[in-house]
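See structure below.
Predicted model, so just to flag it, every value in this text is computed and none were measured. Convention: sequence-line order gives letters A, B, ...; per-chain numbering from 1.
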Amino acid sequence: MLDIQLLRKDLAAVALRLASRGVTLDTTRIEQLEASRREIQVRTQDFQARRNQLSKQIGQARGKGLDTEVLMTEVTGLGDGLKAAEERLAGIQEELSALLMTIPNLPHESVPAGKGEQDNQEVRRHGVPRSFPLPALDHVEIGENLDLLDFPTAVKISTSRFVLMRGPLARLHRALTQFMLDTHSQEHGYEEVYVPYLVNADSMRGTGQLPKFEEDLFRLSNGMYLIPTAEVPVTNIVRDEIIPADNLPIRLVAHTPCFRSEAGSYGRDTRGMIRQHQFDKVEMVQFVRPEDSYDALEELTGHAEDILQRLDLPYRVVTLCSGDLGFSAAKTYDLEVWLPGQSTYREISSCSNFEAFQARRMQARYRTEKEGKPGRPELIHTVNGSGLAVGRSLVAVLENYQNADGSVTIPEVLRSYMNGASIIARE
RNA sequence: GGAGAGAUGGCAGAGUGGUCGAAUGCGCCGGAUUCGAAAUCCGGUUUGGUGCUUGCACCAACGGGGGUUCGAAUCCCCCUCUCUCCGCCA
């Protein structure tokens with residue numbers, strides 16, 4: 001959510017910055033609503049002040065046994081006007097806040113202008129894609145040849161866009177998860193947290209999934225939602241909290257399954273594990289002081305990159321252009337891993353600074369200090385990123401570590417999680 | 001699933017129709033005292049919003065929503081959540 005003050009003060013500038021995301025702001029409508037809000041709110045509060053004053057006088061008069069008829073007559077006369085003003089004000093504020101909830105975040109000044117994916121800017125590359133004597137297989141062929149990856153059975157049990165993994169492959173998937181969690185919690189300074197996978201609508205509103213993107217979510221019959229990312233439960237830990245300044249920054253990491261309905265991506269990535277309704281992810285979240293959030297974004301992106309480097313997977317870092325930014329993000333780096341089976345880089349992590357956008361929705365604040373004295377609560381900044389998407393990491397390992405005989409070498413750093421094994425081969 | 005109790009400030013806890021945004025205690029902040037500290041004493045200490053003369057005024061909020069009333073933390077209705085006991089259960 002944007003700061004309503006900013007819209008009041010400089011609506012044209014806000015509209016301009018949103019235009020770079022391809023979003024058109026109805027400035028006329030906002031100006032109209034603001035003008036009437038202002039007028040009606042002042043009138044309503046005047047009514048309320050008068051009523052409070054009179055009611056207080058009635059109470060005092062009764063206490064002294066005096067006659068209250070004159071006072072009663074005046075206060076009764078306020079009734080209709082007050083009620084009408086209150087109702088109109090409520091209506092306007094509801095409309096304003098509903099509108100405000102659908103406006104995306106403003107891109108940071110360092111974000112390149114652009115319409116879509118093609119305008120994203122590559123920042124750096126790391127690692128060199130390995131060359132294969134024969135055309136590299138994709139993860140589906142590799143996994144199915146090993147009899148460890150089973151899509152048909154997953155479809156039987158559930159439906160399309162689900163997967164069944166067996167034996168050493170299932171274990172490799174778990175090994176990746178453990179490795180990521182251990183690295184972030186033991187070496188990068190994150191506290192590991194275990195969180196609910198079902199959340200309420202307030203939490204979804206807090207991080208920005210609702211009200212605009214309900215169709216991307218799985219909603220349960222009791223009104224709760226399956227999380228599309230650990231970002232939702234982890235970030236909402238600080239909803240409606242005032243954090244002592246000394247506690248910042250807070251760094252949290254969680255592993256969760258993620259559920260996405262993938263409405264609107266029919267026909268995209270239908271083959272394989274790239275785009276599933278259910279996948280696992282390790283997510284890093286940081287709560288920081290506003291002045292620190294861009295440093296935190298660089299740091300957190302580095303933590304995600306460290307996982308790729310330790311797995312020795314080639315990747316590149318891309319800055320999303322204004323038109324490709326997610327709803328809540330002010331700036332995003334995507335990490336794209338090299339997939340030999342597709343001969344292309346594919347997103348494996350997304351690291352974003354949301355500035356105060358989520359914090360404002362959540363009322364997540366910290367207590368500032370001024371010359372040693374406690375100051376006013378101010379909104380924190382939230383930063384998060386995948387570290388990494390586990391399913392896609394597995395895909396990357398299979399494709400980058402495949403051997404000519406159909407086996408797959410296990411990356412060094414995962415072997416301790418695989419009972420010392422160095423290879424996955426057909427039995 | 002059944003029965004009962006409850007939800008008030010950072011915490012504990014009072015308040016059942018009127019000067020209550022809320023007693024009291026604890027905590028926290030500042031000051032006094034002290035060589036320093038403890039103890040003690042004094043003062044301060046919720047959040048969101050609006051207006052303008054930017055320092056003041058006003059509005060709203062006692063789990064959430066609605067109602068009664070001139071006036072609601074207090075009365076009524078609905079919802080949510082928490083706790084206790086029983087049942088079930090990893």
Side-chain angles (χ1 to χ4, degrees), chain A residues 1-9 30-31 33-101 194 196-206 210 219-225 233 236-248 250 257 356 358-380:
Chain A
M1 194 162 70
L2 296 179
D3 185 358
I4 183 75
Q5 305 293 353
L6 191 64
L7 274 87
R8 283 176 194 157
K9 229 182 331 178
I30 293 173
E31 275 166 355
L33 278 170
E34 241 318 280
S36 34
R37 187 232 95 222
R38 185 193 180 87
E39 183 204 326
I40 305 294
Q41 182 161 6
V42 169
R43 196 199 303 169
T44 306
Q45 293 187 353
D46 283 348
F47 269 120
Q48 289 169 329
R50 185 65 188 147
R51 181 211 48 206
N52 291 347
Q53 201 179 18
L54 289 168
S55 293
K56 200 170 272 189
Q57 286 172 13
I58 291 170
Q60 287 167 344
R62 289 258 172 96
K64 293 175 193 158
L66 301 173
D67 180 54
T68 57
E69 197 169 329
V70 179
L71 294 168
M72 288 294 280
T73 307
E74 185 180 351
V75 82
T76 308
L78 291 176
D80 289 348
L82 173 64
K83 200 174 177 196
E86 278 177 339
E87 279 169 9
R88 234 187 116 193
L89 180 63
I92 289 165
Q93 282 181 330
E94 200 172 313
E95 196 173 338
L96 258 176
S97 76
L99 199 141
L100 205 57
M101 288 291 277
Y194 174 86
Y197 304 156
L198 297 180
V199 301
N200 56 36
D202 282 340
S203 292
M204 287 295 186
R205 269 189 290 272
L210 291 178
R219 184 173 187 270
L220 276 65
S221 55
N222 68 356
M224 297 192 76
Y225 296 86
N236 275 281
I237 288 172
V238 296
R239 172 152 53 87
D240 296 321
E241 297 291 332
I242 299 175
I243 303 163
D246 289 347
N247 293 8
L248 298 177
I250 295 173
Q358 294 180 325
R360 190 170 292 111
R361 291 175 159 239
M362 293 191 299
Q363 280 298 305
R365 293 152 299 165
Y366 74 107
R367 181 79 65 184
T368 56
E369 273 182 38
K370 280 176 188 166
E371 292 143 22
K373 291 182 180 176
R376 301 208 64 76
E378 277 179 34
L379 296 169
I380 59 164

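Between A:D240 atom CG and B:rU46 atom P the separation is 19 Å, expressed in whole Å. One interatomic measurement links the two molecules: CZ of A:R367 to C1' of B:rU46, which rounds to 8 Å at whole-angstrom precision. Per the geometry, CZ belonging to A:R43 stands 23 Å off P belonging to B:rG49, to the nearest Å. Whole-Å rounding puts the A:R361 CZ to B:rG48 P distance at 19 Å. Remark: P of B:rG49 and CD of A:E94 are 18 Å apart, rounded to the nearest angstrom. Rounded to whole Å, the distance from CD on A:Q363 to P on B:rG49 is 7 Å. When rounded to the nearest whole Å, the span between CG of A:D202 and C1' of B:rC81 equals 13 Å. Atom CG in A:L379 sits about 12 Å away from atom C1' in B:rG48, given to the nearest Å.
Look at the C1' atom in both B:rA23 and B:rG9: the space between them is 12 Å, to the nearest Å. B:rG44 and B:rG49 are spaced 26 Å apart, taking the P atom of each and rounding to whole Å. B:rG65 and B:rU80: their C1' atoms are spaced 10 Å apart (whole Å). If you take atom C1' in B:rG66 and the same atom in B:rU53, they sit 40 Å apart, rounded to whole Å. Going from the P atom of B:rC88 to that of B:rC81 covers 24 Å, rounded to whole Å. Nucleotides B:rA73 and B:rA7 place their C1' atoms 12 Å apart, quoted to the nearest Å. On the P atoms, B:rC11 is 36 Å away from B:rC70, given to the nearest whole Å. B:rU46 and B:rU34 have their C1' atoms separated by 34 Å, with the value rounded to a whole Å.
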Could I get a table of every N or O pair under 3.5 Å where one atom is in the protein and the other is in nucleotides 17-21 of chain B?
| unit_1 | atom_1 | unit_2 | atom_2 | d |
| --- | --- | --- | --- | --- |
| B:rG18 | O6 | A:R62 | NH1 | 2.6 |
| B:rG18 | N2 | A:S55 | O | 2.9 |

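Side-chain contact check for A:N52 and A:S55: no donor-acceptor pair (N or O, by modelled atom type) lies under 3.5 Å. A side-chain donor from one of A:Q53 and A:R50 sits under 3.5 Å from a side-chain acceptor of the other.
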> If pairs are Watson-Crick or G-U with both distances under 3.5 Å, what is the dot-bracket string of RNA chain B, marking crossing pairs with [ ] and pairs to another strand with |?
Replying inline: ((((((((.[[[..)..(.....]]]((((((.......))))))(((((((..))))))).[[[[[..)....]]]]])))))))....

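Contact annotation: the side chain of A:L379 never approaches that of A:D3 to less than 4.5 Å [non-hydrogen atoms, C-beta and beyond]. Side-chain atoms of A:I243 and A:N247, non-hydrogen and from C-beta on, do get closer than 4.5 Å to each other.
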> When every nucleotide of nucleotides 50-63 of chain B is labelled 5' to 3' by its protein contacts under 4.0 Å (heavy atoms), B for base, S for sugar-phosphate only, - for none, what sequence of letters results?
Replying inline: BSS-----BSS---

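The structure places CD of A:Q41 at 11.0 Å from CG of A:D46, a figure rounded to the nearest 0.5 Å. Annotation: the span from A:Q358 atom CD to A:I380 atom CD1 amounts to 9.0 Å, rounded to 0.5 Å.
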> Can A:N236 and A:V199 be said to form a side-chain contact (heavy atoms from CB on, under 4.5 Å), step by step?
Replying inline: CA-CA 10 Å; A:N236 275 281; A:V199 301; over 6 Å; no

> A:I237 and A:I250: side-chain contact (heavy atoms from CB on, under 4.5 Å), yes or no, with the steps?
Replying inline: CA-CA 11 Å; A:I237 288 172; A:I250 295 173; over 6 Å; no

>> Checking A:R37 against A:R8 for the side-chain contact (heavy atoms from CB on, under 4.5 Å) test, could you report, in this order, the C-alpha distance in whole Å, the side-chain angles of both residues, the deciding distance, and whether it holds?
In response: CA-CA 12 Å; A:R37 187 232 95 222; A:R8 283 176 194 157; 3.2 Å; yes

>> For A:M101 and A:R361: C-alpha separation, side-chain torsions, deciding distance, then whether side-chain contact (heavy atoms from CB on, under 4.5 Å) applies.
In response: CA-CA 8 Å; A:M101 288 291 277; A:R361 291 175 159 239; 3.5 Å; yes

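For the pair A:D202 and A:R205, the salt-bridge criterion is met [side-chain N within less than 4.0 Å of a carboxylate O]. A salt bridge does not link A:K83 with A:E86: every distance from a Lys NZ or Arg NE/NH1/NH2 to an Asp or Glu carboxylate oxygen is 4.0 Å or more.
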